[in-house]
Amino acid sequence: MSSLSTAYEPKHVEEKWYADWLKENYFHADPHSSKSAFSIVIPPPNVTGVLTMGHVLNNTIQDILCRKARMEGKEVLWLPGTDHAGIATQTVVERELKKTEKKTRRDLGREEFLKRVWNWKEKHGGIIIQQLKKLGCSCDWERERFTMDEAYSCRVAEVFIDLYQKGLIYRGKRMVNWCPISLTALSDEEVIPKPQQSTLYYVKYEIVEKPGTFLEIATTRPETIMGDTAVAVNPEDPRYKNFIGLHCRRPLPEEKQEAISIIGDSHIDKEFGTGVLKVTPAHDKADFEIGQRHQLSIIDIMNPNGSMNVLAGKDFQNLDRFEARKLAVEKLKNFGLLIREEPYQNNVGFSERADVPIEPRLSEQWFLKYPKTQEARDAVRKHLIRFFPERWEKVYDHWLENIQDWCISRQLWWGHRIPVWYHKKNLSEIKVSLTSPGEDWEQDSDVLDTWFSSWLWPFDTMDEKTLAKFYPTSVLVTGPDIIFFWVARMIMAGLEYKNEIPFHDVYFTGIIRDKQGRKMSKSLGNSPDPLDLISKYGADGLRFGLMRIAPQGQDIRFDETQIVEGRNFCNKLWNACRFRLLQGSIDPQADPSKHELTLFTQDLLAKLNDTLTKMNCAFAGYHFNEMAQTLYDFVWGDFCDWFLEVAKAEFNSSSNESRKQATLATIDYTLSHILRLLHPLTPFITEELWHELGFDQGTIQFANWPQASSHFSSEPKAEMIYQSVSKARTLRTHYNIASNKKVRWLLQIKEPWIQNELHVIQTLLNAQTLELITVENASPMCLTDIGNFHLPLEGLIDRETEKARFTKELEKAKKDWDQTQTKLNNPSFAEKVPSSVLQEHQERAKKLEEKIDQLQTQLKNLDNLSWL
RNA sequence: GGGCAGUUAGCUUAGCGGUAGAGCACCUCGUUUACACCGAGGGGGUCGGGGGUUCGAACCCCUCACUGCCCACCA
């Protein structure tokens, strides 16, 4: 007797099983195991983050891989954890502080502020981990790591020291990307260029040696004029080359209009603007480099927060940079030096976090010259590490080829403090060490870029034994947006510190977009809350639905109806199992090959075999959508729509006991396979059904991954019956016969084997009776004609409609025949085409000829048919 | 300015050289005792445009258009 409800209700099932899995410690990875290893490290989400659709996609994929590996008998480590996410977390806490206490971090002081961040972390840090559990993730939670764990932090510092000693880390005063809101330097990767509608201002600079003569300069940033220390032209430019060596009068600040030299530099583009560039070495990266080449002086006219300082002049001091721009334009206008303004579109670098234009700024920072860049390139190029999809290899290679030193210091408080100490009395004396060298020493106030800790994630999260067993990890699953931030850097770090690649495969997911193709984001409010989706459709429904629409490496158009379909699929599976339970208890060891197979059992088992092959293929290539689609088609189509309907016929009718047993065994065997194949994608419902059906006392998680069997070959006779049933159903609809109306069908057969399958055909057609007509006494026509038998629907059809139907079909057949024949008559076709194709066409033509013949006879005979 | 993807039925997509396939949505019929989160049937596509290669192109090549990403110091 079935105890299952008519609809699958995920909530209770999911909670129950997840608790059980944890209790049984199934996810624990044993480094002493003799099984072969499979390992993944989670891309650590921000510790204060909440689950997004991106996380769902990413972690579902990892879970699928881990669960499949467990079923294959591997020892699986899925190592979870979170990232301290320097800027992101600090910003959140600072914002909160401002809101609730109206204080800044400086009001609190470093120590107190850090205490607040830790509190915040304790309070909100676990959220995303709990959410991952709701999704069903099978991580080894005992090994949960945090990038600011003591041991991990220690390793970060050690790596800094090591790289310093190797001469790869150095301190320097350089142009960096400065965020005037976060008040810190950023790496190039944290700067997002955005096209902006700007204005190009044309300004006149008077030539000192030739009063009354001016050089015209085009600039988008007139507020930096006060920082100009030269004017540059291309030495090849005939318009200006004679001016090189002379001087210009810098128009601002008005109280200090210095003369600055006119220099020649081949960097200047003759075509752009007027071909004259104002050089502001303190506020532009390119200008800085020009300045270096010509030993120009540097005037820094800005404060760290983006306002102007005293050097900008009294009218500008303390003005925000954008206010200063307006004032500068106004003053130039008053001086008569502004020739014109024109609208201009350019790219401006924005701070990734604060979303304001970054300010190129000269400051003292720590830089890293990357280690093992060549080896890292080779690892991917020679496919020691394989990228899925492959095309990201090029992106990766291009970045490494043009790699720039990495600015690793951040002027933040939340993060790993730089292990460098300065002598209080002599700041130029430094020591690099984990601990303070003594009382007279003061630690560098900066912290390290978050990614400087993340790049050690695949190995410094593991102890010795774990490393020995599980490193290098099997696969990394991540988004292509962090290929530089994280993937490339981990490869270099792995090679440097473990002398070994950190992972064998990298699977890049797509980016989830909304229906309109926009990236999902909080500010747009177009991102559904995955937890809402889980409570509406179940974790399995969400997982399955998402996998089905996630093509490899392509962006994903998210549509909630896809998740509805996932839920519906789970329900379908649930009910198929319910149906089975209504027939009595199952045989966990069912083996159909021990039974005399029917056409239909044979056919289904062959299709199951195909499904298995397809699944293994999909896994090998990381084609997750194919896995979901393959199972969907097999379960819903082949198994439920066709086979279970056949089974009803076997169970209800007078068919013999042997057929019933073969059918039952096939259902049991197939369900056992379906549940196992499906388990990686939908872990909860499969675990529940595994137990409800009684396949095993234990969990499904370690049930063997199914192997293809050579026993079952395909059975075309079954397929033929299915096709003719479809045709007959069409006929029924054609005559508007309600599907519940039982009608008489006549069956004319050509081969005797069909007689054994009549009860099935009758059930599938919902026929009142199926009356056999022998070929001898049959009417010479048939209304539905497939292969070995004809199925006329008797008594309810009329001559004219049938004539029309047949005529239409005849026309279509003739047209097809013409088309095929044209090809065959083409001499070069026969010459050039492979024989198999030729044969195919010939067969098609022959079949069409037969069909045309038959149809013509039938049309003629329609007139003679007495019962119409 | 370079590079990489994508453009197939209203929507989401499969197919990647041999006469376009699925799911959802839509229309018709149906409370056939697993499932209305269901069943049966149906309509709907000149596969972004234009060239080319081929006996044959959604599929290969060229080109254009649009969309999206990435890289790049033209102020």
Side-chain angles (χ1 to χ4, degrees), chain A residues 2 4 6-8 175 193 200 217-221 224 232 267-269 271-274 276-280 284-290 344 346-347 349 360 389 391-392 394-395 398-399 402 480-481 483-484 510-511 513 515 517-519 537 541 548-549 551 553-559 561-562 564-583 625-626 629 632-633 636-637 640-641 644-645 648 726 729-734 736-742 763 766 816 819-820 822-823 826-834 836-838 840-841 844:
Chain A
S2 168
L4 303 185
T6 58
Y8 173 55
M175 236 17 198
L200 198 54
I217 298 177
T219 179
T220 53
R221 299 204 65 189
T224 63
H267 165 265
I268 281 70
D269 181 353
E271 309 302 319
F272 185 87
T274 58
V276 187
L277 173 74
K278 68 186 215 42
V279 185
T280 323
D284 184 280
K285 212 176 162 191
D287 289 9
F288 178 76
E289 280 159 22
I290 296 172
Y344 178 66
N346 63 342
N347 277 326
R391 66 186 147 88
W392 295 109
K394 262 185 260 174
V395 178
H398 181 254
W399 185 73
N402 301 292
D481 46 334
I483 190 166
F484 311 136
I511 291 165
R513 307 178 164 282
K515 270 186 176 174
R518 300 173 306 178
K519 207 167 166 173
Y537 308 112
R548 227 170 128 230
I549 54 165
Q554 223 82 294
D555 287 357
I556 294 144
R557 297 285 180 110
F558 180 78
D559 185 342
T561 62
Q562 308 293 142
V564 173
E565 284 178 44
R567 188 267 317 260
N568 295 354
F569 176 74
C570 290
N571 191 247
K572 188 74 182 176
L573 175 70
W574 180 260
N575 275 289
C577 291
R578 260 189 83 220
F579 171 73
R580 174 58 189 86
L581 280 179
L582 290 170
Q583 318 304 321
N625 59 333
E626 205 175 304
Q629 192 57 42
Y632 187 96
D633 290 343
W636 204 307
C640 292
D641 286 347
L644 289 186
E645 294 308 314
K648 284 176 189 171
S726 288
R729 285 169 175 169
T730 308
L731 187 66
R732 185 199 264 278
T733 302
H734 199 88
N736 267 326
I737 300 161
S739 44
N740 62 338
K741 182 161 184 171
K742 302 244 178 194
T763 304
N766 191 29
D816 287 354
Q819 220 170 46
T820 312
T822 313
K823 270 190 178 180
N826 184 340
S828 47
F829 178 74
E831 231 171 83
K832 298 189 178 172
V833 107
S836 60
V837 175
L838 190 65
E840 240 173 64
H841 278 76
R844 186 188 299 153

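Values below: all heavy atoms of this structure, side chains included; hydrogens, waters and symmetry mates excluded. Here is the naming used below: chain letters follow the sequence lines, and residue numbers restart at 1 for every chain.
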In terms of ring plane angle, is the pair A/His841 and A/Phe829 parallel, tilted or perpendicular, where the classes change at 30° and 60°? perpendicular
OG1 (A/Thr763) and NZ (A/Lys648) are apart, to the nearest 0.5 Å, by 10.0 Å
Heavy-atom nearest nucleotide on RNA chain B for A/Arg580 versus A/Thr220: which residue maps closer to 5'? A/Arg580
Can you check the distance between B/C11 and B/A25, where both ends of the measurement are the C1' atom (answer in whole Å)? 7 Å
Between CD on residue A/Glu289 and CE on residue A/Met175, distance to nearest 0.5 Å: 9.0 Å
What's the closest nucleotide to the side chain of A/Phe484 if the choices are B/A34, B/C71, B/A75? B/C71
Classify A/Lys648 by what it touches in the nucleic acid, base, sugar-phosphate, or nothing, heavy-atom distance under 4.0 Å. base
Distance test, side-chain N/O of A/Ser828 to OP1/OP2 of B/U54, below 4.0 Å: no
Rounding to the closest angstrom, what is the interatomic distance between B/C69 and B/G49 at atom C1'? 24 Å
With a 3.5 Å cut-off and heavy atoms only, can you find an N or O donor on one side and an acceptor on the other between the side chain of A/Lys572 and the base of B/C35? yes
With the side chain of A/Arg557 defined as its heavy atoms from C-beta on, choose the nearest nucleotide among B/U13, B/A40, B/G68. B/U13
Could you give the CZ-to-C1' distance, from A/Arg567 to B/C37, as a whole number of Å? 4 Å
Less than 3.5 Å between a donor and an acceptor, one on the side chain of A/Glu645 and one on the base of B/A34, is that the case here? yes
Would you mind classifying the nucleic acid contact of A/Asp287 as base, sugar-phosphate or nothing, using non-hydrogen atoms under 4.0 angstrom? nothing
Does A/Asn568 or A/Asn402 map to a spot on RNA chain B nearer the 5' end, using the closest nucleotide for each? A/Asn568
Side chain to side chain donor-acceptor pair (under 3.5 Å) against A/Arg844, all qualifying residues, sequence neighbours excluded: none
Of the nucleotides B/C73, B/G18, B/A34, which one has an atom closest to the side chain of A/His267? B/C73
Please check this pair: side chain of A/Arg513 against backbone of A/Phe558, looking for a donor-acceptor N/O pair closer than 3.5 Å. no
Minimum-distance nucleotide to A/Ile549 side chain [options: B/A34, B/A14, B/U12]: B/U12
Side chain of A/Val837: nearest nucleotide among B/G18, B/G41, B/U19? B/G18
Counting only side-chain N and O atoms of A/Thr730, is one of them less than 4.0 Å from OP1 or OP2 of B/A40? no
Between which residue ranges does RNA chain B form stems of three or more consecutive Watson-Crick or G-U wobble pairs, both distances under 3.5 Å? B:1-7 with B:65-71, B:10-13 with B:21-24, B:26-30 with B:38-42, B:48-52 with B:60-64
To the nearest 0.5 angstrom, please state how far the CG atom of A/Asp287 sits from the NE2 atom of A/His267. 8.0 Å
Does A/Asn625 use its side chain to pair, donor to acceptor, with the backbone of A/Ile549 at less than 3.5 Å? no
Heavy-atom donor-acceptor pair, A/Asn826 side chain to A/Thr822 backbone, under 3.5 Å: no
Under 3.5 Å, is there a donor-acceptor pair between the side chain of A/Asn575 and the main chain of A/Thr6? yes
Pairwise P distance for B/C26 and B/C37, with rounding to whole Å: 13 Å
Closest to the side chain of A/Glu289, out of B/C73, B/A5, B/G18, is B/C73
Distance-only donor-acceptor test (3.5 Å): side chain A/His398, base B/C70: no
Base contacts versus sugar-phosphate-only contacts with protein, heavy atoms under 4.0 Å: please encode nucleotides 21-31 of chain B as B, S and - from 5' to 3'. --SS----BSS
Is the cationic atom of A/Lys572 (NZ for Lys, CZ for Arg) positioned less than 6.0 Å from the six-membered ring centroid of A/Tyr632 and within 45 degrees of its normal? no
Among B/U19, B/C35, B/A14, the nucleotide that comes nearest once only the side chain of A/Thr820 is considered: B/U19
Counting side-chain heavy atoms from CB outward, which of B/A75, B/C69, B/A34 is closest to A/Thr219? B/A75
Using a cut-off of 4.0 Å on non-hydrogen atoms, how would the nucleic acid contact of A/His734 be classed: base, sugar-phosphate, or nothing? nothing
Take atom C1' in B/U54 and the same atom in B/C62, then report the distance between them in whole Å. 15 Å
